[in-house]
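Here's the structure we're looking at; comments come further down.
Proteins come first, then strands; the chains are lettered A, B, ... in the order of their sequence lines, and each starts at number 1.
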There are 2 protein chains.
Amino acid sequence: MIEQKENIRMSGDERHAQLLHIAVKLFSEKGFSGTTTREIAKCAGISEAMVFRHFANKDELYNAILDHKACSHGLQSFPWEDEEIHHLRETKDDFAFFNRLAASAFKNHKKDIAFIRLLLHSALEGHELSETFLEKFVLRLYDFIGSYIEQRQADGAFRDGDPRIFVRAFLGMLVHHSLNNLVLDPKRRMLDVSDEDAAENFARIFLNGIRKTTVR
Amino acid sequence: MIEQKENIRMSGDERHAQLLHIAVKLFSEKGFSGTTTREIAKCAGISEAMVFRHFANKDELYNAILDHKACSHGLQSFPWEDEEIHHLRETKDDFAFFNRLAASAFKNHKKDIAFIRLLLHSALEGHELSETFLEKFVLRLYDFIGSYIEQRQADGAFRDGDPRIFVRAFLGMLVHHSLNNLVLDPKRRMLDVSDEDAAENFARIFLNGIRKTTVR
DNA sequence: GTCTATAAATAGATAGAC
DNA sequence: GTCTATCTATTTATAGAC
């Protein structure tokens, strides 16, 4: 449960933000139809009527979340805005580049489990959040990593092949690992390994997998 | 929508099976709480009362699905029961082994999208299906592939490292690819590639990634 | 901004006739 | 095996007082 504050009179904006926050949490945990407005109200420590004062109906509340989430973060930080990653890309330090990509992905995923769950729910329920996310984030990620791979292929460092398939292979390792740890197998029954080890291993496997010269 | 048969009097068993089938479809599309018994009844072309004649309540219907799904298929076919895969494993044909694993995974995933969606819903909603699946299928898969990798490490063919992390890397590529194609990005906006190409590429990347000698 | 009370709609579940 | 009718509980949503 979240806050559950009682008898605290908030300003309209505060209450609005609080409700959004609570709704994100609850929707991400139990999905849209699995969450009741009653619960949201109780969690905020106010009556249901107040919830409907802030949001005309449940759908509007959901849409407010989408706007908020899709714009304000995304998955928080974009790799292409990370200075170190940018630098590693420039200097063509292949291993450090992919290792850092993996490590920062894991860190961000862990920071925003609620968002990841929301995304999954959204994808399953066919809401727009997941599509917006693909467009605003994943598509660019493919470009960002894909163009680096292309570059290194031109350098003669990586072997030939569709860069986007390579990207999918790499992202697959990352996303699947986070999804396992955070959603599917939080008890770590399949595999319990530190994010650092995972990042290092994945970077090495991937790099050896697409590089012309093998490095150990 | 499914069948929507009308005025057809079925035997008890037929009706029972039909309801299960419809419920799987609807639950997998909209989740448990997102599906109403009314809808199920309408879809089957009978009254709600009939649904409750077959299943005491909604939960029981859900459990019946779990039993049915978790036991009778799983994800249908187990790789360790596939003759060809078994043979490739014996003969240590590394590339063919992993390639075939990938290809057969994609084929099975595609055949059972409903089950995959059900699994995701189940994981998000915290039902037991996903846990059962992990135990009955994924855990064994880790063992199956992991032990092969161990073997090949002992042979001196694969480099050192935790076999289970290697497995995660490989399964990551496969699962992520299917999840993208079947659930997250069915329109193939990120990447549109044939399963054959994907399987081949993933097997090659992975194998070069963990092998001592590079092969192209 | 907040409440209580309540309406309206929908969901799950049952009774009893055929 | 099937229906109609109905009941109850829950959920969404509104009214009106403070």
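What separates CG of A:L61 from P of D:dA13 is a distance of 10 Å, to the nearest Å. Summarising the geometry, the separation between CZ on A:R9 and C1' on C:dC3 is reported as 11 Å, rounded to the nearest angstrom. Note: NZ (A:K42) to P (D:dT11) measures 12 Å, nearest angstrom. The interatomic distance linking A:I40 (CD1) with D:dT11 (C1') rounds to 12 Å, in whole Å. If you measure from atom CG of B:L19 to atom C1' of D:dG1, you get 12 Å, rounded to the nearest angstrom.
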Along nucleotides 4-18 of chain C, 5' to 3', which nucleotides get a B, which get an S, and which get a -, given that the test is a protein heavy-atom distance under 4.0 Å? B------BBBBB---

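Side-chain proximity of B:I46 to the nucleotides D:dC3, D:dG1, C:dG1 is greatest for D:dC3.
Counting all heavy atoms, side chain and backbone alike, B:K58 lies closest to B:F52 at N-CE2, 4.3 Å.
Of the N and O atoms on the side chains of A:S178 and A:H109, at least one donor lies less than 3.5 Å from an acceptor on the other residue. Side-chain contact check for B:S147 and B:R89: at least one donor-acceptor pair (N or O, by modelled atom type) lies under 3.5 Å. A donor atom on one side chain and an acceptor atom on the other are not found under 3.5 Å apart for B:H176 and A:R168.
Considering only residues two or more places apart in sequence or on other chains, A:F166 meets the ring-ring contact (aromatic ring centres under 6.0 Å, His included) condition with none of them. The salt bridge (Lys or Arg N to Asp or Glu O under 4.0 Å) search around B:R189 returns A:E131, A:E135, not counting sequence neighbours.
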